[in-house]
Chemist: 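I'd like to ask you about the structure that follows.
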Protein chains: 2
Amino acid sequence: MVSKLDKKKQRGENTRKALIKSTIDCLDRLGYAETSINRVLEGVDVSRGALMHHFPSKEDLVIGTVDFLLSRILRHYQQESPNSFPFAQVTHSDNGTLADALVTYWKNIIDTPEGRAFSEIIMATRTDKALSLRISPKLEDWNEQLNQFFLPPGLDEEAIEDVTLTLLIWRSFIRGMIFQQEFHSDPDYIEKIIRKFAMIMEPHLRLVQTQSGA
Amino acid sequence: MVSKLDKKKQRGENTRKALIKSTIDCLDRLGYAETSINRVLEGVDVSRGALMHHFPSKEDLVIGTVDFLLSRILRHYQQESPNSFPFAQVTHSDNGTLADALVTYWKNIIDTPEGRAFSEIIMATRTDKALSLRISPKLEDWNEQLNQFFLPPGLDEEAIEDVTLTLLIWRSFIRGMIFQQEFHSDPDYIEKIIRKFAMIMEPHLRLVQTQSGA
DNA sequence: TCTTTTACATACCAAACGTACGGTATATAC
DNA sequence: GTATATACCGTACGTTTGGTATGTAAAAGA
């Protein structure tokens, strides 16, 4: 049975979601600098008071958005694990090449409104100390949790470090592509770079597979 | 002989340089969002009128800063070419490993106030259309010029593409490290990732060397 | 000498910013 | 019924923003 309280809480939850969605949209379209409370409100039918009720400050709105984005990616892995991640996908099955998997990851996760909004926040976190204090621990936790998806039990310390570093190289590269995009007017060229990267990384991912005993 | 005109022009040039330096400092410390005209002026003994004289709008100030940063890196290559670039360094001489060269590049070029300021502007360019129209052509030119340092004459089309893509992978990776830094409280860990990347890339850089006939 | 240009200074502006706060409606708890 | 909590509304505040208008001093060119 759905009580009146549940309905009310549901309404509040919907408002929160709408505000976060609008925030993501603003971050993607306007960037962090131009994402103001007014702009967020323009994109959604919510009053100024309602926003301040759910998110007492702009910083709280950003934190709420980060929480949503981090859990979104974790959910992505949990749902499809272990076949969701490009590396896992190519090492656990023969459906498609590593290059295809990496390009798909770029298109479905990184080069999306959510992925770009996430990058905007990470970039802002670098210089906003108050934001950094609240977000950095979340990022370190999240990073750790992600790594767990690709670390089968029983690995020795050296192998764990090897896998972890390889994953970080992949993440650093793919995030750097957001910058690199600005240097190329042709979007197909981005795909070309990713495919070349996949070719170079392939042997090292096979190494990961061997070590994990899969 | 130094005329009074020269002195005056020199004075103006000094003011421009000071403003750009302060802008870089603000971008590095505060990020693009918090880099305002007032903040830039706080860091330097120049009046508001003087700033508006040299840079009629905030956008002009950013463009001026970009011009400075781009030419700074080009100068770096021109001075030390062909031994300045990590790849060239390791392929043209035996002084140090590729890993050392890449770490040095990270520390001396990317992870500096100028490098971080540059990243802030690139990131802002993604969403600021007016800025993008003025900066993107500069970036494409600059990218092209940089590539020329590592493309010896006489390479066939396929080899050129191969070298170009390898360089772009390196650049994308190292720029992505600026994001990645936010995920790790230990700065030494960044160096570890770069060294692992160097290990993976080494054979492909030797390939470049062979193809270029060096 | 007179005019123009360059370099800089001061004062001010409208617009936008994030935040605070008083108020309404509705639900639950006692 | 009364108290309390939640969800939401709308206005007003003080500050900061990028930008402009107007002025001065000095050097250059006519």
Chemist: Flag the pair A/E161 and B/K196 as a salt bridge only when some basic side-chain nitrogen lies within less than 4.0 angstrom of an acidic carboxylate oxygen.
Modeler: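 Answer for the salt bridge query: no.
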Chemist: Working to the nearest 0.5 Å, report the span between CZ of B/F179 and CD1 of A/I178.
Modeler: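 Going from CZ on B/F179 over to CD1 on A/I178, the span is 5.5 Å.
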Chemist: Quick check, are the ring centers of A/W170 and A/Y105 under 6.0 angstrom apart?
Modeler: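 Yes.
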Chemist: Taking only residues two or more places apart in sequence or in another chain, which ones pass ring-ring contact (aromatic ring centres under 6.0 Å, His included) with B/H184?
Modeler: B/Y189
Chemist: Expressed as a whole number of angstroms, how long is the span from B/R16:CZ to C/dA7:P?
Modeler: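 Spelled out: CZ on B/R16 to P on C/dA7 is 10 Å.
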Chemist: Please name the pair of heavy atoms, one in A/T127 and one in B/D28, separated by the smallest distance, quoted to 0.1 Å.
Modeler: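 Looking at all heavy atoms of both residues, the shortest contact is CG2-O, 3.3 Å.
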Chemist: I need the residues from residues 19-27 of chain B with at least one non-hydrogen atom less than 4.0 Å from DNA chain D; give them sorted by number, or say none.
Modeler: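 Nucleic-acid contacts, sorted: none.
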Chemist: Any donor-acceptor pair under 3.5 Å linking the side chain of A/S172 with the backbone of A/L168?
Modeler: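 No; judged by distance alone, with no hydrogens or angles, the pair does not exist.
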Chemist: Charged N to carboxylate O under 4.0 angstrom, A/R134 versus A/D67?
Modeler: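 Answer for the salt bridge query: no.
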Chemist: Using a strict heavy-atom distance below 4.0 Å, which residues from residues 44-63 of chain B are in contact with DNA chain D?
Modeler: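 Residues of residues 44-63 of chain B under 4.0 Å from DNA chain D: B/R48, B/M52, B/S57, B/K58.
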Chemist: Mind listing the residues from residues 124-134 of chain A sitting with a heavy atom below 4.0 Å of DNA chain D? Number order is fine.
Modeler: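 When residues 124-134 of chain A is checked for heavy atoms under 4.0 Å from DNA chain D, there are no hits whatsoever.
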Chemist: Taking it one step at a time, do B/L165 and B/H204 satisfy side-chain contact (heavy atoms from CB on, under 4.5 Å)?
Modeler: CA-CA 11 Å; B/L165 287 177; B/H204 298 272; over 6 Å; no
Chemist: Does a side-chain N or O of B/T15 approach OP1 or OP2 of C/dC8 to a distance below 4.0 Å, or not?
Modeler: yes
Chemist: Indicate the atoms forming the closest heavy-atom contact of B/F149 with B/L74, along with that distance.
Modeler: CE1-CD2, 4.1 Å
Chemist: Expected output is a numbered-order residue list: members of residues 33-43 of chain B with a heavy atom under 4.0 Å from any atom of DNA chain C. What is it?
Modeler: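 DNA chain C contact set from residues 33-43 of chain B: none.
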Chemist: Could you list all the side-chain hydrogen bond (donor to acceptor under 3.5 Å, both in side chains) pairs where at least one residue sits in residues 31-45 of chain B, not counting sequence neighbours?
Modeler: B/N38-B/R48
Chemist: Hey, is B/R116 close enough to B/E120 for a salt bridge, meaning N to O under 4.0 Å?
Modeler: no
Chemist: Between B/D25 and B/S22, is a side-chain hydrogen bond (donor to acceptor under 3.5 Å, both in side chains) present by the stated rule, with each step listed?
Modeler: CA-CA 5 Å; B/D25 184 53; B/S22 180; 5.6 Å; no
Chemist: Which pair of heavy atoms, one from B/P137 and one from B/S132, lies closest together, and at what distance?
Modeler: CD-O, 3.9 Å
